[in-house]
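Notes for the one structure printed next.
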There are 2 protein chains.
Amino acid sequence: MGTELKSPEKPPDDARRSRLLDVALNVFLRYGFRKTSMDQVARAADVSRQGLYLHFATKEELFQATLQHAMESSLRSASEGLSDVSLPLEERLVRGFDAWVGRYVGMVGADAKDLTEVLSTMGLGEEAMRFEALFQEAVAKVLRASGLVAAYKSTGLTARQLTDTLYATARGLKYISGTREAFVQGIGVAVRALCMPLGASR
Amino acid sequence: MGTELKSPEKPPDDARRSRLLDVALNVFLRYGFRKTSMDQVARAADVSRQGLYLHFATKEELFQATLQHAMESSLRSASEGLSDVSLPLEERLVRGFDAWVGRYVGMVGADAKDLTEVLSTMGLGEEAMRFEALFQEAVAKVLRASGLVAAYKSTGLTARQLTDTLYATARGLKYISGTREAFVQGIGVAVRALCMPLGASR
DNA sequence: AATTGACAATCTGGGTCCATCTTGTCAAAT
DNA sequence: ATTTGACAAGATGGACCCAGATTGTCAATT
């Protein structure tokens, strides 16, 4: 069964690896790639530096795995939020954007400006765009299924356009908001405005 | 009549000064503050360096005047667009945001990241926020007058909240869009979605 | 499996020196 | 008014060196 699952690094290691990647993500987000040392990550994860090398051969491999893990993790929880049919549409959208964007608001330090640069250097730029596209498709799918797009029919706007607009709003809020709470508040307002045509009555 | 118009530097010089400031803005936007020399600005404006010093005593004074002029100019044209009653609401909003934000999309170079830093260093941060607030108030005013806020009554959203949402969208589009045209397109979609409750029928 | 201690090779940041660029000012010329 | 030419003081950037940090690997230990 499925010996070539297209995932290059998917031998389901342990939960330890996942924990290391979570810790590494936080450190990388605060200090960027250059100013983060393996020792720093190891200490933050309560592991020896060599223990870290036991899982990741080089710093770049750690970084790559960290980003990959973060994107998969964010997309997974975002998708879960978006597809939670037990919640009202607005709440699902807010949770989706919070998981995809809001989760990182206020976590990036001033030294972390090299992350995107290094990211594209390592060829992760395409992967990032792929995940971004997946998230956007998930949002668009929800908008279509909810009947929102139908409600906007008179405007001629597509699900994709509504998604892009909401996505741009989230990106703007990411820069404007100082805290995750402020972001959630802002995206909540945007979502409420967008969903208004479905009938905001209680 | 009004001998103290609160404007600190408003002796209505000539159009020459205004032209110099427009040129200076373009250079500053491309190369930032540090990497822009007085000679560079002078040459770009087809003036001698000393001719520039004849209008602005120091580089910092030039920078300060440039930003002040840009903010005033942007706010003026944004306000004109917003209050042009000969245009439909959507077009007015698009023109307003294009004048305030879109005008600068794609113009800022990689070396220009020190602009905001220097800006706040010189105490222009407060002034910038003041202009930002004025623009937002102008937008909110238009939204209220158009009846859009009333149309959103069932959601409980205020004019301020709708304005903030649109503003966040514009900020996001500023980072996402590579060109001014793409920005206008994006903000156009956002505005259309927002104005939908007023009846998008043709 | 993970840890400690240790190691050479390499990278980084600070410091100095020095040539060049830039600023701000001046006088003379148009 | 604006320009050209010139100037000293100061800022900037590149070259270079060096101490210390960091990386990646090893062996011995638990």
Side-chain angles (χ1 to χ4, degrees), chain A residues 9 11-67 109-115 117-119 121-122, chain B residues 9 11-67 109-115 117-119 121-122:
Chain A
E9 319 255 347
D13 288 62
D14 29 4
R16 188 175 190 85
R17 176 190 164 94
S18 179
R19 199 185 65 84
L20 288 177
L21 292 176
D22 281 336
V23 173
L25 178 64
N26 282 320
V27 181
F28 277 129
L29 284 182
R30 287 201 203 294
Y31 305 104
F33 179 75
R34 281 175 254 267
K35 308 199 79 169
T36 293
S37 68
M38 292 295 272
D39 190 61
Q40 210 173 151
V41 174
R43 272 188 280 104
D46 255 317
V47 204
S48 69
R49 194 165 62 88
Q50 290 74 358
L52 197 54
Y53 274 107
L54 213 57
H55 289 264
F56 309 97
T58 70
K59 182 181 175 181
E60 296 184 357
E61 186 182 317
L62 170 62
F63 182 72
Q64 199 168 328
T66 298
L67 279 255
D111 298 324
K113 292 174 186 169
D114 64 342
L115 286 186
E117 179 192 344
V118 178
L119 187 141
T121 297
M122 296 187 187
Chain B
E9 318 255 347
D13 288 62
D14 30 0
R16 186 174 193 83
R17 173 190 166 94
S18 179
R19 199 185 66 83
L20 288 177
L21 291 176
D22 282 334
V23 172
L25 178 64
N26 281 319
V27 181
F28 277 131
L29 283 182
R30 287 202 200 293
Y31 305 104
F33 179 75
R34 282 176 253 266
K35 308 198 80 169
T36 293
S37 68
M38 293 295 273
D39 189 61
Q40 209 172 153
V41 175
R43 271 187 282 104
D46 255 316
V47 198
S48 69
R49 197 165 60 89
Q50 289 73 0
L52 197 54
Y53 274 107
L54 214 57
H55 289 265
F56 309 96
T58 71
K59 182 181 174 181
E60 297 185 357
E61 186 182 317
L62 170 62
F63 182 74
Q64 199 168 329
T66 298
L67 279 253
D111 299 324
K113 292 173 186 167
D114 64 340
L115 286 186
E117 178 193 346
V118 177
L119 187 143
T121 297
M122 296 185 186

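Just so it is clear: chains get the letters A, B, ... in the order the sequence lines come, proteins before strands, and each one is counted from 1.
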Q | Atom-to-atom span, CD of Glu60(B) to P of dA11(D) - whole angstrom | A | 12 Å
**Q.** Nearest non-hydrogen partners of Ala65(A) and Phe56(A), listed with the distance
**A.** CB-CE2, 3.8 Å
Q) How close or far is atom P of dT12(D) from atom CG of Asp111(B), stated in whole angstroms? A) 15 Å
Q: Examine distances only and state if a side-chain atom of Asp114(B) and a backbone atom of Phe33(B) form a donor-acceptor pair shorter than 3.5 Å.
A: yes
(Q) In whole Å, I'd like the distance from the CZ atom of Phe63(B) to the C1' atom of dG24(C). (A) 19 Å
Sequence neighbours left out, cut at 3.5 Å: what donor-acceptor pairs do the side chains of residues 38-46 of chain A make with other protein atoms?
unit_1: Asp39(A); atom_1: OD2; unit_2: Arg43(A); atom_2: NE; d: 2.9
unit_1: Asp39(A); atom_1: OD2; unit_2: Arg43(A); atom_2: NH2; d: 3.0
unit_1: Gln40(A); atom_1: NE2; unit_2: Lys35(A); atom_2: O; d: 3.3

(Q) If I take atom CD in residue Glu61(A) and atom C1' in nucleotide dT25(D), what distance separates them, rounded to the nearest angstrom? (A) 15 Å
Q) Within this structure, what is the CG-to-C1' distance between Leu62(A) and dG24(D), rounded to whole angstrom? A) 14 Å
Q. How close or far is atom C1' of dC11(C) from atom NZ of Lys35(A), stated in whole angstroms?
A. 14 Å
(Q) Could you tell me how far apart Arg43(B) (CZ) and dT2(D) (P) are, to the nearest whole angstrom? (A) 19 Å
Q) Side chain of Gln50(A), base of dG5(C): donor and acceptor closer than 3.5 Å? A) yes
Q. Is Phe63(A) close to Thr36(A) at the side-chain level, that is, under 4.5 Å between some pair of heavy atoms?
A. no
Q. Going by heavy atoms in the side chains, are Arg16(B) and Val47(B) under 4.5 Å from each other?
A. yes
Q: Measure the spacing between CG of Asp111(B) and CG of Leu29(B) and express it to the nearest 0.5 Å.
A: 12.5 Å
Polar atom pairs between nucleotides 19-23 of chain D and protein, under 3.5 Å, N or O only, would you list them?
unit_1: dT23(D); atom_1: OP1; unit_2: Met38(A); atom_2: N; d: 3.1
unit_1: dT23(D); atom_1: OP2; unit_2: Met38(A); atom_2: N; d: 3.2

Q: Mind calculating the distance between CZ (Phe33(B)) and C1' (dT22(C)) to the nearest angstrom?
A: 12 Å
Q. Does His55(B) make a side-chain N or O approach to OP1 or OP2 of dA1(D) shorter than 4.0 Å?
A. no
